[in-house]
2 protein chains.
Amino acid sequence: MVRKNSHDHLADQSLPKLGVTPYLELMDKTASSSTDRHSAHLGLLLMWLGDNVLDVMDLELAPFNITESKFDLLLLLTLHDGRELITPSAIAERLGIRRASVTALLDWLEKRNWIAREQSSLDRRMIHVSITPEGRELVEGVLPTFWSACSSLVSELEPEERRVLEKLLLRLNAAIERRLGVGR
Amino acid sequence: MVRKNSHDHLADQSLPKLGVTPYLELMDKTASSSTDRHSAHLGLLLMWLGDNVLDVMDLELAPFNITESKFDLLLLLTLHDGRELITPSAIAERLGIRRASVTALLDWLEKRNWIAREQSSLDRRMIHVSITPEGRELVEGVLPTFWSACSSLVSELEPEERRVLEKLLLRLNAAIERRLGVGR
DNA sequence: CCATATAGTTAGATAATCTAATTATAGAGG
DNA sequence: CCTCTATAATTAGATTATCTAACTATATGG
């Protein structure tokens, strides 16, 4: 959600950076007694980081005129390509959104000729969604940037630190996916 | 972005969960030679986790009929309250969005009487934005849930692991904020 | 063969963003 | 003191990503 575009003049006025301290003071006054302060502090940090991470990714993909969500869908189609019949319903279930929302995404991608819809001959209520050669070409063009953007997120850390972080994030993510009922 | 609401029947058809392996295979084929595979893998995981973390937070705040973005703004006003003059321009700069977008957010919050606008007497082009007693009341009502939601994100980990994670996330976040030119 | 369930779409809404244009005010230079 | 330009905020109009509810077409079980 955070984005800063160049032109359009910004205010001279600017708010001083508070850092995390005022948040922690507020937490002391307002958190339930059953809430662990250290955990909440870490969770807050994780949320801020999550926000920033998604901003970086959208910023990196912006030059390709595609958002992370749409690219994610094309990647899904790429990875399942040829393996199973992909329907809008299945996509909706996987992405955790409504079928109507998938229709909108597919309309957008189809208009650019990156995906194709084909009526299933077995059950004519169903639509088979597939990525087109042009879609595959786009994905191929974007992927090197995508991977380097992923990698740049953690370039700050030493190899050993990355191994430690990976173990921790895997566990956190598994727990959260269980909670949300999603998963890739 | 991922949300699953109850009613509305979902497809029987469902895509098998692929896990991370096909992503890594694809990475081997499509990443630039200068991209470190382990880093990219970790970054991918960080992005997925970021997405899930934001979903959890919005899900936890949903019962209060406020989104994370709007709550974030109210929190900003709370923390700066009385300290400095807060203008729409300053908010736009801090949140990394345009002034026009801030106008829309403020309209929404003002309609609910959670913030107030007052023309500055020093420079009558400027608006002083402040949180109202009702706004403060809302924030107080939401904060216990907010902190417990933060804390729940990392409840999976042991205290020692949390300390390790905190050190790593602080460094990652500092680097990313520098890159995006944002910060709290 | 009909009732009901399912797949997908359409219509219409909301949220969060954007750009470009507009209005009002401030301030600087002649 | 007047005018020009810069700045603050808003408005108008657009896009993206979501939602719910209603609709259409098809399948299937009794």
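Chain letters run A, B, ... following the sequence lines, proteins first, then strands; residues in each count from 1.
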| said: How close do Glu156(B) and Ala175(A) get, counting heavy atoms only, and between which atoms? | reply: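 Result for this residue pair: OE1-CB, 3.5 Å.
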| Under 3.5 Å donor-acceptor pair, Arg124(B) side-chain atoms to dT25(C) base atoms |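 In this structure, the two groups form no donor-acceptor pair.
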Atom-pair distance ([atom1] on [X]; [atom2] on [N]), nearest Å:
X         : N       : atom1 : atom2 : answer
Lys70(B)  : dT14(C) : NZ    : P     : 11 Å
Ile115(B) : dA9(D)  : CD1   : P     : 12 Å
Arg98(B)  : dA20(C) : CZ    : C1'   : 11 Å
Asp107(B) : dA15(C) : CG    : C1'   : 13 Å
Ile91(B)  : dA16(C) : CD1   : P     : 15 Å
Arg99(A)  : dT18(D) : CZ    : C1'   : 16 Å
Glu93(A)  : dA7(C)  : CD    : P     : 10 Å
Leu73(B)  : dA15(C) : CG    : C1'   : 14 Å

| query | Counting side-chain heavy atoms from C-beta on, which of dG8(C), dA9(D), dT9(C) comes nearest to Met126(A)? | reply |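 Of the options given, the side chain of Met126(A) lies nearest dG8(C).
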| request: Could you work out which one of dT25(C), dG8(C), dA15(C) sits closest to the side chain of Asp123(B)? | output: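 Ranking dT25(C), dG8(C), dA15(C) by closest atom to the Asp123(B) side chain puts dT25(C) first.
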Does the side chain of [X] get closer than 4.0 angstrom to OP1 or OP2 of [N] through an N or O atom?
X         : N       : answer
Ser69(A)  : dT16(D) : no
Ser101(A) : dC19(D) : yes
Ser89(B)  : dA9(D)  : yes
Thr103(A) : dT9(C)  : yes
Arg117(B) : dT10(D) : yes

| Do side-chain atoms of Ser155(A) reach the backbone of Ser151(A) as a donor and acceptor pair under 3.5 angstrom? |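 Between the backbone of Ser151(A) and the side chain of Ser155(A) there is no qualifying donor-acceptor contact (under 3.5 Å).
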| task | Specify the residue among Ala100(B) and Trp108(B) whose closest nucleotide of DNA chain C lies further upstream toward the 5′ end. | result |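 Nearer the 5' end of the strand: Trp108(B).
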| DNA chain D: 5'-proximal contact among Ala104(A) and Arg125(A) (nearest heavy atom) |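 That would be Ala104(A).
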| Toward the 5' end of DNA chain D, by each residue's nearest nucleotide, Ile127(B) or Leu105(A) |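 Whichever sits nearer the 5' end wins; that is Ile127(B).
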| Between Tyr23(B) and Trp48(B), how do the two ring planes meet: parallel, tilted or perpendicular, split at 30° and 60°? |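 The arrangement is perpendicular - the two ring planes meet at more than 60°.
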| query | If you measure from the Lys or Arg side-chain nitrogens to the Asp or Glu carboxylate oxygens, is any gap between Arg171(B) and Glu177(B) under 4.0 Å? | reply |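 A salt bridge is absent here (no side-chain N lies under 4.0 Å from a carboxylate O).
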| query | Does one side chain, of Thr87(B) or Ser89(B), offer a donor that lies under 3.5 Å from an acceptor on the other? | reply |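 No, no side-chain donor-acceptor pair sits under 3.5 Å.
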